[in-house]
Q: 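Starting off with a structure, shown below.
In the text below, chain A, chain B and the rest are named by the order of the sequence lines, each starting its count at 1.
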Protein chains: 2
Amino acid sequence: MTTPILTKNQSLVFDVLTKAEAPLSAYTILDKLRDHGFRAPLQVYRALDKLLEYGVVHRLESINSFVACAHPDENCHSHGLVAFAICESCGQVIEFHDHEVDHRLMHWLKSHKFKAEKSTIEIRGHCASCAA
Amino acid sequence: MTTPILTKNQSLVFDVLTKAEAPLSAYTILDKLRDHGFRAPLQVYRALDKLLEYGVVHRLESINSFVACAHPDENCHSHGLVAFAICESCGQVIEFHDHEVDHRLMHWLKSHKFKAEKSTIEIRGHCASCAA
DNA sequence: TCAATTGCGTTATGCTATAACGTGTGCGAT
DNA sequence: ATCGCACACGTTATAGCATAACGCAATTGA
Ligand SMILES: [Zn+2]
Ligand SMILES: [Zn+2]
Ligand SMILES: [Zn+2]
Ligand SMILES: [Zn+2]
(Lines give C-alpha, C1' and ligand atoms only; values in the text may rest on other atoms or scores of the structure.)
(Ligands and ions follow the chains in the order given, each with its own letter.)
Protein backbone atom coordinates (compact mmCIF):
# COMPACT_ATOMS: atom_id res chain seq x y z
CA MET A 1 0.00 0.00 0.00
CA THR A 2 1.63 3.19 -1.18
CA THR A 3 0.92 6.42 0.65
CA PRO A 4 -1.24 8.87 -1.31
CA ILE A 5 -0.27 12.49 -1.76
CA LEU A 6 -1.00 14.25 1.48
CA THR A 7 -3.40 17.15 1.63
CA LYS A 8 -2.33 20.49 3.07
CA ASN A 9 -3.63 19.76 6.56
CA GLN A 10 -2.26 16.25 6.56
CA SER A 11 1.17 17.55 5.53
CA LEU A 12 1.18 20.17 8.24
CA VAL A 13 0.31 17.65 10.92
CA PHE A 14 2.79 15.13 9.59
CA ASP A 15 5.58 17.73 9.51
CA VAL A 16 4.93 18.73 13.08
CA LEU A 17 5.09 15.10 14.19
CA THR A 18 8.19 14.40 12.14
CA LYS A 19 10.07 17.32 13.65
CA ALA A 20 8.96 16.59 17.20
CA GLU A 21 11.37 14.80 19.50
CA ALA A 22 8.58 13.23 21.49
CA PRO A 23 5.01 12.16 20.91
CA LEU A 24 2.46 14.94 20.77
CA SER A 25 -1.15 15.11 21.80
CA ALA A 26 -3.73 16.24 19.30
CA TYR A 27 -4.23 19.48 21.19
CA THR A 28 -0.51 20.19 21.28
CA ILE A 29 -0.42 19.73 17.53
CA LEU A 30 -3.35 22.10 17.27
CA ASP A 31 -1.48 24.76 19.20
CA LYS A 32 1.58 24.37 17.03
CA LEU A 33 -0.51 24.88 13.93
CA ARG A 34 -2.57 27.89 14.96
CA ASP A 35 -0.25 30.12 12.96
CA HIS A 36 -1.06 28.03 9.91
CA GLY A 37 -4.77 28.56 10.27
CA PHE A 38 -5.78 25.65 12.47
CA ARG A 39 -8.61 26.58 14.77
CA ALA A 40 -10.39 23.42 15.86
CA PRO A 41 -9.46 19.95 17.15
CA LEU A 42 -11.25 18.26 14.29
CA GLN A 43 -8.79 19.66 11.81
CA VAL A 44 -6.08 17.78 13.64
CA TYR A 45 -8.05 14.60 14.30
CA ARG A 46 -9.15 14.31 10.70
CA ALA A 47 -5.60 14.61 9.47
CA LEU A 48 -4.41 12.13 12.08
CA ASP A 49 -7.06 9.62 11.06
CA LYS A 50 -5.70 9.59 7.54
CA LEU A 51 -2.08 9.49 8.59
CA LEU A 52 -2.85 6.55 10.86
CA GLU A 53 -4.69 4.85 8.02
CA TYR A 54 -1.66 5.32 5.75
CA GLY A 55 0.56 3.90 8.47
CA VAL A 56 2.91 6.87 8.62
CA VAL A 57 1.85 7.82 12.12
CA HIS A 58 1.24 5.73 15.23
CA ARG A 59 -1.05 6.37 18.14
CA LEU A 60 0.29 5.69 21.63
CA GLU A 61 -2.77 4.56 23.55
CA SER A 62 -1.22 4.75 26.96
CA ILE A 63 -0.38 8.43 26.70
CA ASN A 64 -3.02 9.67 24.27
CA SER A 65 -0.39 10.89 21.88
CA PHE A 66 0.82 10.48 18.34
CA VAL A 67 4.22 9.88 16.83
CA ALA A 68 5.60 9.67 13.29
CA CYS A 69 6.55 6.17 12.23
CA ALA A 70 10.23 5.54 12.79
CA HIS A 71 10.48 3.08 9.93
CA PRO A 72 8.57 4.67 7.08
CA ASP A 73 10.55 2.89 4.37
CA GLU A 74 10.65 -0.72 5.36
CA ASN A 75 7.01 -1.54 5.64
CA CYS A 76 7.47 -3.72 8.67
CA HIS A 77 3.95 -3.02 9.74
CA SER A 78 2.44 -5.18 7.09
CA HIS A 79 4.05 -8.32 8.40
CA GLY A 80 4.35 -7.76 12.11
CA LEU A 81 3.35 -6.03 15.27
CA VAL A 82 4.81 -2.77 16.43
CA ALA A 83 6.04 -2.10 19.91
CA PHE A 84 7.06 1.08 21.69
CA ALA A 85 9.34 1.85 24.59
CA ILE A 86 8.32 5.17 26.08
CA CYS A 87 10.59 7.07 28.45
CA GLU A 88 8.60 8.81 31.14
CA SER A 89 11.45 11.19 31.89
CA CYS A 90 12.49 12.61 28.53
CA GLY A 91 9.46 11.54 26.53
CA GLN A 92 11.55 9.81 23.90
CA VAL A 93 9.93 6.90 22.12
CA ILE A 94 11.69 3.94 20.57
CA GLU A 95 9.68 2.02 18.02
CA PHE A 96 10.72 -1.56 17.56
CA HIS A 97 9.65 -4.85 16.08
CA ASP A 98 10.41 -8.30 17.34
CA HIS A 99 9.45 -11.24 15.21
CA GLU A 100 9.62 -13.65 18.09
CA VAL A 101 7.16 -11.62 20.10
CA ASP A 102 4.93 -11.37 17.07
CA HIS A 103 5.15 -15.07 16.53
CA ARG A 104 4.23 -15.98 20.09
CA LEU A 105 1.34 -13.57 20.23
CA MET A 106 0.05 -14.72 16.87
CA HIS A 107 0.33 -18.27 18.08
CA TRP A 108 -1.76 -17.54 21.14
CA LEU A 109 -4.36 -15.71 19.10
CA LYS A 110 -4.55 -18.47 16.56
CA SER A 111 -4.88 -21.21 19.16
CA HIS A 112 -7.72 -19.27 20.73
CA LYS A 113 -9.33 -18.53 17.39
CA PHE A 114 -9.12 -14.84 18.12
CA LYS A 115 -9.06 -12.72 15.00
CA ALA A 116 -6.72 -9.81 15.69
CA GLU A 117 -7.21 -6.47 14.04
CA LYS A 118 -5.26 -3.93 16.01
CA SER A 119 -2.53 -4.33 18.55
CA THR A 120 -0.99 -2.17 21.20
CA ILE A 121 2.35 -2.96 22.79
CA GLU A 122 3.72 -0.15 24.88
CA ILE A 123 6.36 -0.29 27.59
CA ARG A 124 6.73 2.74 29.81
CA GLY A 125 9.77 3.31 31.95
CA HIS A 126 13.11 5.04 31.65
CA CYS A 127 15.52 5.04 28.74
CA ALA A 128 19.23 4.36 29.08
CA SER A 129 20.07 8.06 29.40
CA CYS A 130 17.42 8.79 31.99
CA ALA A 131 17.75 5.59 34.02
CA ALA A 132 20.92 6.85 35.68
CA MET B 1 2.07 -8.37 48.47
CA THR B 2 -1.21 -9.29 50.07
CA THR B 3 -4.27 -7.21 49.35
CA PRO B 4 -5.40 -5.03 52.26
CA ILE B 5 -8.99 -4.94 53.45
CA LEU B 6 -10.94 -2.90 50.99
CA THR B 7 -12.77 0.21 52.06
CA LYS B 8 -16.47 0.61 51.36
CA ASN B 9 -16.00 2.51 48.13
CA GLN B 10 -13.26 0.20 46.95
CA SER B 11 -15.47 -2.83 47.61
CA LEU B 12 -18.38 -1.32 45.73
CA VAL B 13 -16.25 -0.56 42.69
CA PHE B 14 -14.56 -3.94 42.82
CA ASP B 15 -17.90 -5.74 43.05
CA VAL B 16 -19.25 -3.91 40.04
CA LEU B 17 -16.19 -4.84 38.03
CA THR B 18 -16.25 -8.44 39.19
CA LYS B 19 -19.87 -8.89 38.17
CA ALA B 20 -19.47 -7.15 34.84
CA GLU B 21 -19.09 -9.28 31.74
CA ALA B 22 -17.05 -6.67 29.96
CA PRO B 23 -14.69 -3.85 30.90
CA LEU B 24 -16.34 -0.72 32.24
CA SER B 25 -15.41 2.92 32.00
CA ALA B 26 -15.09 4.94 35.17
CA TYR B 27 -18.24 6.85 34.33
CA THR B 28 -20.20 3.69 33.70
CA ILE B 29 -19.13 2.47 37.11
CA LEU B 30 -20.22 5.80 38.55
CA ASP B 31 -23.68 5.38 37.06
CA LYS B 32 -23.99 1.87 38.43
CA LEU B 33 -23.17 3.12 41.90
CA ARG B 34 -25.37 6.19 42.11
CA ASP B 35 -27.88 4.20 44.13
CA HIS B 36 -25.11 3.50 46.62
CA GLY B 37 -24.36 7.15 47.13
CA PHE B 38 -21.73 7.78 44.48
CA ARG B 39 -22.03 11.27 43.08
CA ALA B 40 -18.69 12.25 41.56
CA PRO B 41 -16.05 10.72 39.27
CA LEU B 42 -13.36 11.10 41.89
CA GLN B 43 -15.07 8.59 44.11
CA VAL B 44 -14.61 6.05 41.35
CA TYR B 45 -11.13 7.09 40.30
CA ARG B 46 -9.80 7.06 43.83
CA ALA B 47 -11.10 3.56 44.39
CA LEU B 48 -9.74 2.43 41.05
CA ASP B 49 -6.31 3.84 41.85
CA LYS B 50 -6.09 1.66 44.91
CA LEU B 51 -7.48 -1.43 43.21
CA LEU B 52 -4.92 -0.98 40.43
CA GLU B 53 -2.21 -0.57 43.02
CA TYR B 54 -3.29 -3.80 44.72
CA GLY B 55 -3.26 -5.52 41.34
CA VAL B 56 -6.83 -6.77 41.53
CA VAL B 57 -7.97 -4.57 38.66
CA HIS B 58 -6.41 -3.81 35.29
CA ARG B 59 -6.74 -0.75 33.15
CA LEU B 60 -7.23 -1.25 29.43
CA GLU B 61 -5.48 1.71 27.89
CA SER B 62 -6.82 1.26 24.41
CA ILE B 63 -10.45 1.52 25.46
CA ASN B 64 -10.21 3.67 28.60
CA SER B 65 -11.82 0.98 30.67
CA PHE B 66 -11.21 -1.19 33.69
CA VAL B 67 -11.57 -4.89 34.32
CA ALA B 68 -11.21 -7.15 37.34
CA CYS B 69 -8.13 -9.35 37.24
CA ALA B 70 -8.94 -12.77 35.85
CA HIS B 71 -6.26 -14.49 37.88
CA PRO B 72 -6.51 -13.02 41.35
CA ASP B 73 -5.06 -16.09 43.07
CA GLU B 74 -1.97 -16.97 41.16
CA ASN B 75 -0.04 -13.77 41.36
CA CYS B 76 1.26 -14.06 37.85
CA HIS B 77 1.66 -10.33 37.70
CA SER B 78 4.65 -10.30 39.93
CA HIS B 79 6.71 -12.35 37.55
CA GLY B 80 5.43 -11.46 34.13
CA LEU B 81 3.62 -9.20 31.80
CA VAL B 82 -0.10 -9.27 31.26
CA ALA B 83 -1.80 -9.29 27.89
CA PHE B 84 -5.39 -8.81 26.86
CA ALA B 85 -7.44 -9.90 23.89
CA ILE B 86 -10.41 -7.60 23.55
CA CYS B 87 -13.38 -8.49 21.38
CA GLU B 88 -14.80 -5.43 19.68
CA SER B 89 -18.11 -7.15 19.06
CA CYS B 90 -19.16 -8.58 22.41
CA GLY B 91 -16.74 -6.64 24.61
CA GLN B 92 -15.39 -9.77 26.22
CA VAL B 93 -11.81 -9.60 27.45
CA ILE B 94 -9.43 -12.51 27.79
CA GLU B 95 -6.49 -11.90 30.09
CA PHE B 96 -3.48 -14.05 29.38
CA HIS B 97 0.17 -14.43 30.15
CA ASP B 98 2.87 -15.79 27.91
CA HIS B 99 6.29 -16.32 29.33
CA GLU B 100 7.92 -16.45 25.94
CA VAL B 101 6.53 -13.05 25.02
CA ASP B 102 7.65 -11.70 28.38
CA HIS B 103 11.06 -13.15 27.87
CA ARG B 104 11.55 -11.67 24.42
CA LEU B 105 10.32 -8.26 25.45
CA MET B 106 12.47 -8.28 28.57
CA HIS B 107 15.40 -9.27 26.44
CA TRP B 108 14.89 -6.34 24.11
CA LEU B 109 14.50 -3.95 27.01
CA LYS B 110 17.60 -5.24 28.72
CA SER B 111 19.72 -5.08 25.61
CA HIS B 112 18.64 -1.48 25.15
CA LYS B 113 19.16 -0.65 28.81
CA PHE B 114 15.56 0.42 29.07
CA LYS B 115 14.17 0.17 32.57
CA ALA B 116 10.55 -0.95 32.22
CA GLU B 117 7.98 0.05 34.79
CA LYS B 118 4.59 -0.48 33.22
CA SER B 119 3.53 -2.43 30.22
CA THR B 120 0.52 -2.52 27.98
CA ILE B 121 -0.24 -5.41 25.64
CA GLU B 122 -3.69 -5.26 24.14
CA ILE B 123 -4.99 -7.01 21.05
CA ARG B 124 -8.31 -5.86 19.68
CA GLY B 125 -10.30 -7.90 17.24
CA HIS B 126 -13.00 -10.55 17.35
CA CYS B 127 -13.30 -13.53 19.64
CA ALA B 128 -14.03 -17.05 18.45
CA SER B 129 -17.78 -16.66 18.97
CA CYS B 130 -18.01 -13.33 17.22
CA ALA B 131 -15.58 -14.03 14.38
CA ALA B 132 -18.13 -16.16 12.59
C1' DT C 1 -25.00 17.62 -16.03
C1' DC C 2 -25.70 15.11 -12.13
C1' DA C 3 -24.43 12.24 -8.23
C1' DA C 4 -21.07 10.55 -5.19
C1' DT C 5 -16.87 11.25 -2.71
C1' DT C 6 -13.63 13.67 -0.18
C1' DG C 7 -11.63 17.39 2.30
C1' DC C 8 -12.47 21.33 4.93
C1' DG C 9 -14.30 24.84 8.56
C1' DT C 10 -17.23 25.79 12.50
C1' DT C 11 -20.00 25.16 16.58
C1' DA C 12 -21.42 22.47 19.97
C1' DT C 13 -21.21 18.60 22.80
C1' DG C 14 -19.69 14.45 25.13
C1' DC C 15 -16.37 11.55 27.45
C1' DT C 16 -12.19 10.96 30.41
C1' DA C 17 -9.41 12.51 34.26
C1' DT C 18 -7.53 15.53 37.80
C1' DA C 19 -6.93 19.94 40.87
C1' DA C 20 -8.03 21.99 44.96
C1' DC C 21 -10.56 22.58 48.91
C1' DG C 22 -12.34 20.94 53.30
C1' DT C 23 -14.09 17.14 56.66
C1' DG C 24 -13.75 13.30 59.63
C1' DT C 25 -11.52 9.23 61.58
C1' DG C 26 -8.00 6.26 63.36
C1' DC C 27 -3.56 5.68 65.41
C1' DG C 28 1.06 6.15 67.11
C1' DA C 29 4.31 9.46 69.55
C1' DT C 30 5.00 12.80 73.02
C1' DA D 1 -4.82 12.95 76.71
C1' DT D 2 -3.80 15.51 72.69
C1' DC D 3 -1.05 16.44 69.17
C1' DG D 4 0.30 15.37 64.60
C1' DC D 5 -0.03 12.63 60.75
C1' DA D 6 -1.88 9.58 57.24
C1' DC D 7 -5.73 8.29 54.85
C1' DA D 8 -10.30 7.89 53.09
C1' DC D 9 -14.00 10.60 51.76
C1' DG D 10 -17.22 14.35 49.68
C1' DT D 11 -17.82 18.32 46.68
C1' DT D 12 -17.05 21.76 43.17
C1' DA D 13 -14.67 23.16 39.51
C1' DT D 14 -11.64 22.59 35.80
C1' DA D 15 -8.54 20.45 32.51
C1' DG D 16 -7.72 17.33 28.70
C1' DC D 17 -9.20 14.19 24.96
C1' DA D 18 -12.44 13.10 21.18
C1' DT D 19 -16.56 13.20 18.21
C1' DA D 20 -21.43 14.69 16.38
C1' DA D 21 -23.68 17.40 13.20
C1' DC D 22 -24.09 20.97 10.11
C1' DG D 23 -22.85 23.21 5.73
C1' DC D 24 -19.68 24.40 1.88
C1' DA D 25 -16.35 23.62 -1.92
C1' DA D 26 -13.57 20.93 -5.07
C1' DT D 27 -12.98 16.50 -7.62
C1' DT D 28 -14.28 12.70 -10.09
C1' DG D 29 -16.66 9.65 -12.88
C1' DA D 30 -21.09 8.14 -15.04
ZN1 LIG E 1 6.06 2.40 12.43
ZN1 LIG F 1 14.66 9.25 28.73
ZN1 LIG G 1 -4.56 -10.00 36.17
ZN1 LIG H 1 -16.86 -11.52 20.93
Q: Please tell me which of the listed nucleotides, dC9(D), dG7(C), dT10(C), lies nearest to the side chain of Arg39(A)?
A: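 So the side chain of Arg39(A) is nearest to dT10(C).
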Q: So does Glu61(A) pair up with Arg59(A), basic N to acidic O under 4.0 Å?
A: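 Salt bridge flag = yes for Arg59(A) with Glu61(A).
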Q: Output yes when at least one side-chain N/O atom of Asn64(A) is less than 4.0 Å from OP1 or OP2 of dA18(D), else no.
A: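 Indeed, a polar side-chain atom of Asn64(A) lies that close.
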Q: Among the nucleotides dA18(D), dT11(D), dT16(C), which one has an atom lying closest to any side-chain atom of Ser25(B)?
A: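 Minimum distance to the Ser25(B) side chain belongs to dT16(C).
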Q: Under 4.0 Å between a side-chain N/O of Asn9(B) and OP1 or OP2 of dG10(D), yes or no?
A: yes
Q: Between Ser65(A) and Pro23(A), which heavy-atom pair has the shortest distance, and what is it?
A: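 Closest approach of Ser65(A) to Pro23(A): CB-CB, 3.7 Å.
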Q: Whole Å only: how far is the CZ atom of Phe38(A) from the P atom of dG9(C)?
A: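 That distance rounds to 7 Å.
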Q: CG of Leu6(B) versus C1' of dA8(D): gap in Å, rounded?
A: 13 Å
Q: When you measure from the side chain of Arg46(A), which nucleotide among dG9(C), dT19(D), dT18(C) comes out closest?
A: dG9(C)
Q: Using whole Å, what does the distance between atom P of nucleotide dG16(D) and atom CD1 of Ile29(A) come to?
A: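 Rounding to the nearest Å, CD1 of Ile29(A) and P of dG16(D) are 16 Å apart.
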Q: Counting only side-chain heavy atoms from C-beta out, which of dA8(D), dA21(D), dT11(D) sits nearest to Thr7(B)?
A: dA8(D)
Q: Taking the side chain of Pro41(B) as heavy atoms from C-beta outward, which of dA17(C), dA20(C), dA21(D) is closest to it?
A: dA17(C)
Q: Hey, does the side chain of Lys8(A) come within less than 4.0 Å of dC8(C)'s phosphate (OP1/OP2), counting only N and O?
A: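 Checking dC8(C) against Lys8(A), no side-chain N or O comes under 4.0 Å of OP1 or OP2.
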Q: Nearest-Å distance, CG (Leu33(A)) to P (dC8(C))?
A: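 Checked: the CG to P distance equals 12 Å.
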Q: Of all the nucleotides listed (dG7(C), dT10(C), dG10(D)), which has the minimum atom distance to the side chain of Gln43(A)?
A: dT10(C)
Q: Which nucleotide in the set dA17(C), dT19(D), dG7(C) lies at the smallest distance from any side-chain heavy atom of Tyr45(A)?
A: dT19(D)
Q: Return the minimal non-hydrogen interatomic distance between Ser11(B) and Leu6(B), and the atom names on each side.
A: OG-CB, 3.4 Å
Q: So that I know where these two stand, are Phe66(A) and His58(A) an aromatic pair - ring centroids less than 6.0 Å apart?
A: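 Centroid distance Phe66(A)-His58(A): not below 6.0 Å, so no.
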Q: Of all heavy-atom pairs between Ile123(B) and Ala116(A), which one has the smallest distance, and what is that distance?
A: CG2-CB, 3.5 Å
Q: Look at the side chain of Ala40(B) and decide which nucleotide, out of dT11(D), dT10(C), dA18(D), has an atom nearest to it.
A: dT11(D)
Q: For the pair made of CG in Leu12(B) and P in dG10(D), what is the distance, rounded to whole Å?
A: 10 Å
Q: Let me spell it out: for each of Ala47(A) and Asp49(B), pick the nucleotide of DNA chain C with the closest heavy atom. Which residue's pick is nearer the 5' end?
A: Ala47(A)
Q: Is any side-chain N or O of Arg59(A) closer than 4.0 Å to OP1 or OP2 of dC17(D)?
A: no
Q: Under 4.0 Å between a Lys/Arg side-chain N and an Asp/Glu carboxylate O for Arg34(B) and Asp31(B)?
A: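 Yes, this pair counts.
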Q: Rounded to whole Å, how long is the line connecting atom OH of Tyr27(A) with atom C1' of dG16(D)?
A: 7 Å
Q: Whole Å only: how far is the CD atom of Glu61(B) from the C1' atom of dC17(D)?
A: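 These atoms are roughly 14 Å apart.
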Q: Could you tell me how far apart Ile63(A) (CD1) and dA17(C) (P) are, to the nearest whole angstrom?
A: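 Atom-to-atom, Ile63(A) to dA17(C), this comes out as 15 Å.
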Q: If you only use heavy atoms from C-beta on, which nucleotide in dA21(D), dA18(D), dT18(C) is closest to the side chain of Leu42(A)?
A: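 Side chain of Leu42(A) sits closest to dA21(D).
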